[in-house]
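Below you'll find the structure, written out as C-alpha cells, and then a few comments.
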Number of protein chains: 2
Amino acid sequence: MPFTRKRFGKDAYMVREGERTTDCSVILRGFAFRQKMLRDGSRQIISIHIPTEFVDLQNGLLLVADHNVQCINGAEAATIPREALLSLAIERPEVLRAIWIDTLIDASVFREWVVNVGRRDSRARIAHLLCELALRLRSIGLVHDDRFDFPLTQEQLADATGLTAVHTNRTLQSLRKDGLIQLTGRSLTVLDWDRLCEVAEFDELYLHHSV
Amino acid sequence: MPFTRKRFGKDAYMVREGERTTDCSVILRGFAFRQKMLRDGSRQIISIHIPTEFVDLQNGLLLVADHNVQCINGAEAATIPREALLSLAIERPEVLRAIWIDTLIDASVFREWVVNVGRRDSRARIAHLLCELALRLRSIGLVHDDRFDFPLTQEQLADATGLTAVHTNRTLQSLRKDGLIQLTGRSLTVLDWDRLCEVAEFDELYLHHSV
DNA sequence: CGTTAATTTGAGACCATTCAATTTCGGTGG
DNA sequence: CCACCGAAATTGAATGGTCTCAAATTAACG
C-alpha cells in the first residue's frame, strides 16, 4: 500500500478543522491528540492517540475535517491516500472489517469521554484518563513495571478533562498524596492500580480489547 | 432484508450495557438516547436519536454493548439481525459506504458532545443541544415554523448536558427570559435562531450533512 | 378528581475557577 | 559547567458557577 512517512515537530498540527481531507495517518512514533478550539481560546482535547493507531480514519469518507489533530512532542506518521485505503478495503473484506472495528472502538472511547467530563469529579476524571492510557499503552508493550511515558503537560491534561490547569495540578497532588500515582517529569508510575481504578470507576469494557 | 418490527414502552431499554449483541435497530417512530449509568446512580446521556437513525450500528461488529440505549416516550424500531446487515454490506458496496459514513458521523457527534460538556457553560450547553436537535429534526422534516417536538424531561436534559435538574431548570428560564426559546409541555419553539446559535457557539460542520 | 411525575423556587454549601505571584524544571548559549 | 531563560508546575486567596437539599407549585394521567 502506498504511503508517505512524515515527521511532525513539537505541537505541530497533523489535521486542521475545516480543511479538505485527502488521506489517513497512522502514528508510528510519538503521541497525538484530537482537539477543538472554542472562540474564547479554550480548548477541549477529545482523545489521545498512541503509536499504531489511526488518528483520522474518518478522512476516508468524510470530506472536511471537523476537528484538529495535533501531535505532542514531535511524532512520525505514515500517511495513506484516501483512495488507496478505500480500494484496499473494497478488495479485502478483512481489512475493511478491521477499519470499521477501529472506527467503532474510537466512537466507544468518545462516549466514555463524554461520561468522564460530564459526570465524574476531578479526581475520577484524571484517574480515568490515566487508566485508559495505561491500558492502551500496555496493549502495545509500552508499559514496564507499571511505568509509562506520559507526555502531556498539566495544561493539556486539563484540556482533556475539562478542568483548569490549576485545578488539575491540585488534583494530581491529591492523587499523589494518596499513593495512587507517581508523576515526575514525563514519566508516570501507577502505584496502586486497583485503587486508581476504584477512584476512576474504571471498567475496560468500552475499549473492546477482546474483539 | 429481514427485519422485525418492535414496539418499546415508555423508558424501555432497547439495548443494555454488558449484553451480547445480536442485531441493529433503526428507529421508525419516537425518540431514543444512549446513556451510561454510574455507581452513584447518576447518568450521562451521550446522544439523542430520532426516527430514521440507527441507534446501535456498532452491534454489527462489536460483540458486547458498552452502553445502554433507552427510548423516551415509547418508540417503534426495525431490528435487523447482525448477519443480514453484514452480508448485505459485503454484497453491496454502496450500503457499506452508507453504514460506514453513519458510524463516522455518529463519532463526530460524540466528539462535539465531549466539547459541549467539557468546555461550555450551562447556557451554551443547553443551547447547543437544542441547535443540534433542531437541525437534525429539520433534515427529516419534523420542524414546522421553528417548532418541534421536544420529548426530554428537564431531568433527562440535565443528564445529557452534565448538569443537575435544578440548574437545568434555571438555565432554561434564562434562555426563555432572553427570548431565545419557548418551551411548554413537550413542544419547543426556537424564537431567535441566530442568537441561539450565537449563545451555543454552534457550527453545524460536525454534522456532515453535506456528505 | 386524586395521585404521581415534573417543574419551579429558595437558601446555603462546595467544587472548581480566576488571577497573580512564586518556584521548579528543561534546555541553551557563553 | 554554569548562568540564563522560558515553559511548566506550584501556591495562595478570593470569586463564582453549579450543586445539594428541601419544599412548594404546576402539569400529566388514569
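Excluded from the calculations below are hydrogen atoms, water molecules and symmetry mates; all remaining heavy atoms, backbone and side chain alike, are included. Chain A is the first sequence line, chain B the second, and so forth, proteins listed ahead of strands; every chain is numbered from 1.
A cation-pi arrangement is absent between B:Arg147 and B:Trp193, since the terminal nitrogen or guanidinium carbon is not both under 6.0 Å from the aromatic centre and inside a 45° cone about the axis. A cation-pi geometry, defined here as NZ or CZ lying under 6.0 Å from the six-membered ring centre and within 45° of its normal, does not hold between B:Arg34 and B:Trp113.
As rounded to whole Å, 14 Å separates atom C1' of C:dA16 from atom CG of B:Leu163. Atom CG of A:Leu183 and atom P of D:dA9 are 8 Å apart (whole Å). The interatomic distance linking A:Ile126 (CD1) with C:dA16 (C1') rounds to 12 Å, in whole Å. Atom pair A:Gln156:CD and D:dA9:P shows a separation of 9 Å (rounding to whole Å applied). Here the C1' atom of nucleotide D:dG17 and the CZ atom of B:Arg119 are 15 Å apart, to the nearest Å. Look at CD on A:Glu155: it is 14 Å from C1' on D:dT10, rounded to the nearest Å. Separating the CD atom of A:Gln182 from the C1' atom of D:dA9 is a distance of 16 Å, rounded to the nearest angstrom. In this structure, the CD atom of A:Gln154 is 8 Å from the C1' atom of D:dT10, given to the nearest Å.
Here the side chain of A:Thr21 pairs a donor or acceptor atom with the backbone of A:Leu63 at under 3.5 angstrom. Counting only distance, with no hydrogens or angles, the side chain of A:Asp56 and the backbone of A:Gln58 share no donor-acceptor pair below 3.5 Å. A side-chain donor-acceptor contact under 3.5 Å links B:Asn116 to the backbone of B:Arg125.
Nucleic acid contact class of A:Arg186 (heavy atoms, under 4.0 Å, all strands): sugar-phosphate only. Using a 4.0 Å heavy-atom cutoff across all strands shown, A:Arg176 reaches sugar-phosphate atoms only and no base atom.
Electrostatic pairing of B:Glu112 and B:Arg120 counts as a salt bridge here, judged by a charged N lying under 4.0 Å from a carboxylate O. Classification of A:Arg138 and A:Asp146 as a salt-bridged pair holds, one side-chain N sitting under 4.0 Å from a carboxylate O.
Toward the 5′ end of DNA chain C lies the nearest nucleotide of B:Asp11, the other residue of the pair A:Arg120 and B:Asp11 mapping further downstream.
Here salt bridge (charged side-chain N to carboxylate O under 4.0 Å, His left out) pairs that include residues 165-187 of chain A, with residues two or more places apart or in two chains, are A:Arg123-A:Asp178.
A 4.5 Å side-chain heavy-atom check between B:Leu142 and B:Asp149 finds every atom pair outside the cut-off.
Considering only side-chain N and O atoms, B:Ser122 lies under 4.0 angstrom from the phosphate OP1 or OP2 of D:dT18.
Within residues 166-173 of chain B, the residues that have a heavy atom under 4.0 Å from DNA chain D are, in order of number, B:Val166, B:His167, B:Arg170.
In this structure, the helix from C:dC1-D:dG30 to C:dG30-D:dC1 shows an angle of 50° between the axis at its start and the axis at its end, each fitted on 5 base pairs and rounded to 10°.
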